[in-house]
Amino acid sequence: MSLKLYNSMSREIEEFKPVKEGHVGMYVCGPTVYGPPHLGHAKSYITFDILAKFLRISGYNVRYVQNITDVGHLTDDADEGEDKIERQARIDMVHPWEIVDKWTRQYMLDMERLGIAHPSFYVRASQHIPEQIHAIKELIDAGHAYEINGSVYYSVESFPEYGKLSGNKLEEQKDGVRISVNTDKKHPGDFALWKKAEPEHILKWDSPWSKGYPGWHIECSVMANKYLGINFDIHGGGLENKFPHHECEIAQSEAIHKVPFCNYWVHNNMITVDGIKMGKSLGNFITCEDLLSRHSKQAIRAFLLSTHYSSPSNYTEEAIEGMATGVARLDHLNRRAHEIAAQGKEEGSGDKNLLEICEKADKDINDCMNNNLDTPGSIAILYSCTSEVNKLFDGGQIGKKGAVAVISLLEKWADGLLGILPAYEEESYGVDLEPIMSLVLDIRSEMKKNKNYAVADKIRDELHKAGILVEDTKDGARWRKA
RNA sequence: GGCGGCAUAGCCAAGUGGUAAGGCGAUGGUCUGCAAAAUCAUUAUUCAACGGUUCGACUCCGUUUGCCGCCUCCA
């Protein structure tokens with residue numbers, strides 16, 4: 001079975017076939033760095049992180065490019081608003097690059113804390129001004145763009161396929177909500193490629209038309225084509241960018257290069273909070289930083305991945321807490337497997353059975369992922385597999401061979417791909433806790449033998465407060481980080 | 001008004017024409033000195049409603065209702 005992906009362009013699930021055998025080029029719209037990363041960013045970038053990782057697991061050589069928008073993204077409609085970064089800079093009374101630097105660092109930090117790997121590389125709009133100017137020239141020469149008063153606009157009427165991604169038709173939008181206040185435009189749907197800067201505007205560059213700055217959409221066309229070619233494999237992004245942003249990217253690139261911009265469009269759905277759209281104006285904005293201060297990255301990821309990327313995730317505190325419980329089960333399983341691998345016998349009579357379970361789970365998860373990245377299905381398999389394996393562990397007939405199979409399964413999928421497995425390494429306390437705990441638990445065991453339960457329980461309670469969980473099992477006491 | 005999508009248990013959520021995965025929660029057992037963990041059992045005769053196609057529909061088609069997103073900055 002090979003990868004099938006839902007293509008927003010065809011609106012069908014399609015078999016994935018790369019442009020170049022064995023290689024995948026993927027471009028994902030990154031953040032505009034003017035404010036804190038939030039749960040919505042997390043959903044989007046976890047989705048594409050997992051897509052990239054799964055493609056690599058499947059044997060592809062993946063080049064994953066993500067942009068950082070650090071100029072040109074306007075606050076308002078009709079290309080009349082302020083640059084979002086300039087606006088934030090004015091509010092904070094700092095240079096725009098300070099805003100860019102601050103939030104880029106925060107973004108990278110949060111992504112890393114969420115276990116999202118770096119793309120192959122990031123590209124920045126501000127570092128591709130000459131390329132963007134060049135593309136705008138080409139569009140003007142080809143009759144797809146026109147200059148008025150130092151600004152350049154793309155003529156949507158010059159590109160008959162405009163609207164093919166979103167299904168929007170130019171005629172039908174005329175009566176819509178869009179209000180054209182920009183009288184320079186020939187058609188209200190025309191969008192800016194280059195904007196002449198107002199005198200107070202700080203971020204501006206020389207161009208053939210004016211001292212100004214590029215429109216928001218052109219950066220993605222230019223950078224995607226520069227690093228991935230004029231026809232590449234996968235373009236990802238949030239659903240809300242389908243129109244107009246992605247539509248504009250297509251119009252720009254295809255008007256210049258005359259070949260399909262990309263072959264597969266993948267859009268992740270949105271986050272709602274208690275059923276309502278998450279938005280700054282609604283005051284229900286969940287930042288990554290806030291979330292990470294209250295939940296483990298594994299619980300956050302499990303929450304996001306338990307909903308399919310193409311469905312909206314509804315954030316509730318209970319939902320994430322529930323995920324933390326589920327994730328703890330995987331952690332326990334992993335620890336038991338490590339214990340058996342470290343201390344158990346070489347082989348056990350249950351190993352064969354266990355190996356079969358692991359093999360089946362491995363195949364089933366792979367099938368799920370091939371099926372349009374079915375992460376909820378993959379998680380379900382890991383959980384049901386956990387129950388089966390626990391039963392076998394309880395039976396005591398498992399040796400190292402079996403335990404290692406469980407560990408590899410967890411490492412490959414729960415950790416490597418999904419990132420929902422808590423780290424196994426013992427916490428470093430500066431001193432080796434193992435002999436100390438061994439001593440404490442020995443003494444406590446003596447007390448229990450003498451039925452001195454009050455003190456034994458006190459030790460357990462106090463250790464728990466100190467962050468160490470003691471569990472009494474048939475084979476004696478066991479401890480781990482709470 | 002136009003475009004796109006969604007509706008499955010108390011909650012989250014798979015289900016891609018063959019008879020409802022999984023998780024959380026809850027209840028009751030096993031184990032335990034008690035906890036914890038693990039484990040077993042129970043928890044949707046039914047998939048928003050109504051029609052249609054089919055031997056067979058949660059799945060395909062139509063209608064209705066409700067919700068969400070985009071069309072204006074958002075991942």
Side-chain angles (χ1 to χ4, degrees), chain A residues 4 8 11 13 28-32 34-35 37-48 73-78 80-82 84 87 163 165-169 171-179 189 216 236-245 247 267-272 275-281 302-303 306-308 310-314 316 318-329 332-333 335-336 368 371-372 374-387 390-391 393-394 448 451 453 456-457 460-461 464 469-474 478 480 482:
Chain A
K4 293 197 182 75
S8 305
R11 288 170 198 154
I13 291 183
V28 172
C29 286
T32 299
Y34 71 107
H38 53 71
L39 193 51
H41 293 105
K43 172 152 174 130
S44 186
Y45 302 125
I46 282 179
T47 297
F48 296 107
H73 199 160
L74 304 181
T75 56
D76 223 308
D77 97 65
E80 283 305 297
E82 233 178 320
K84 293 164 91 155
R87 176 168 166 273
L165 177 66
S166 59
N168 288 332
K169 290 176 183 65
E171 318 82 69
E172 278 155 2
Q173 275 190 251
K174 283 180 182 168
D175 299 329
V177 182
R178 177 189 280 272
I179 301 156
W216 174 40
L239 194 57
E240 82 291 345
N241 276 335
K242 204 171 176 184
F243 189 91
H245 186 55
E247 201 76 72
H267 289 100
N268 64 276
N269 215 313
M270 319 299 283
I271 298 276
T272 56
I276 302 161
K277 180 191 166 171
M278 182 173 80
K280 281 182 177 168
S281 52
F303 163 71
S306 70
T307 305
H308 195 257
S310 64
S311 302
S313 296
N314 183 34
T316 61
E318 305 90 275
I320 297 199
E321 278 162 16
M323 290 304 157
T325 312
V327 161
R329 289 181 62 213
H332 294 136
L333 182 75
R335 281 165 194 283
R336 290 184 79 178
C368 272
N371 182 16
N372 196 25
D374 179 11
T375 53
S378 303
I379 292 174
I381 291 163
L382 282 172
Y383 282 137
S384 50
C385 184
T386 296
S387 295
N390 268 319
K391 271 181 233 176
F393 280 178
D394 282 352
K448 282 173 63 187
K451 301 210 187 290
Y453 294 125
D457 286 353
R460 186 172 62 194
D461 292 347
H464 188 67
L469 204 63
V470 175
E471 292 172 355
D472 290 316
T473 71
K474 265 191 294 209
R478 174 165 76 185
R480 64 189 166 87

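What you see below is based on every heavy atom in this structure, not just the backbone, and it leaves out hydrogens, waters and symmetry mates. Naming: A, B, ... by sequence-line order, numbering from 1 per chain.
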For [N], give the paired nucleotide (Watson-Crick: N1-N3 plus N6-O4 or O6-N4; G-U: N1-O2 and O6-N3; both under 3.5 Å), or none.
N: B:C34; result: none
N: B:U43; result: B:G25
N: B:U72; result: none

**Asked** Mapping A:Lys43 and A:Ser306 onto RNA chain B by nearest heavy atom, which one lands closer to the 5' end?
**Response** A:Ser306

**Message:** Which is more 5' along RNA chain B, the nucleotide nearest A:Val470 or the one nearest A:Tyr383? Just name the residue.
**Reply:** A:Tyr383

**Item:** A:Arg336 side chain, from C-beta outward: closest of B:A35, B:A38, B:U39
**Value:** B:A38

**Asked** Among B:A37, B:A75, B:A35, which is the nearest nucleotide to the side chain of A:Arg478?
**Response** B:A37

**Message:** OP1 or OP2 of B:G4 versus the side-chain N and O atoms of A:Arg11: is any pair under 4.0 Å?
**Reply:** yes

**Message:** Please tell me if A:Asn390 has a side-chain N or O lying less than 4.0 Å from either OP1 or OP2 of B:U39.
**Reply:** yes

**Asked** Is A:Asp472 side chain donor-acceptor paired with the B:C34 base, going by distance under 3.5 Å alone?
**Response** yes

**Asked** Any N or O donor-acceptor pair linking the side chain of A:Asp457 to the base of B:G33 at under 3.5 Å?
**Response** yes

**Prompt:** Do A:Arg480 and A:Leu469 have side-chain heavy atoms sitting under 4.5 Å apart?
**Reply:** yes

**Request:** May I have the distance from A:His332 (atom NE2) to B:A36 (atom C1'), rounded to whole angstrom?
**Result:** 9 Å

**Request:** Round to a whole Å and report the spacing from CG of A:Asn168 to P of B:G1.
**Result:** 16 Å

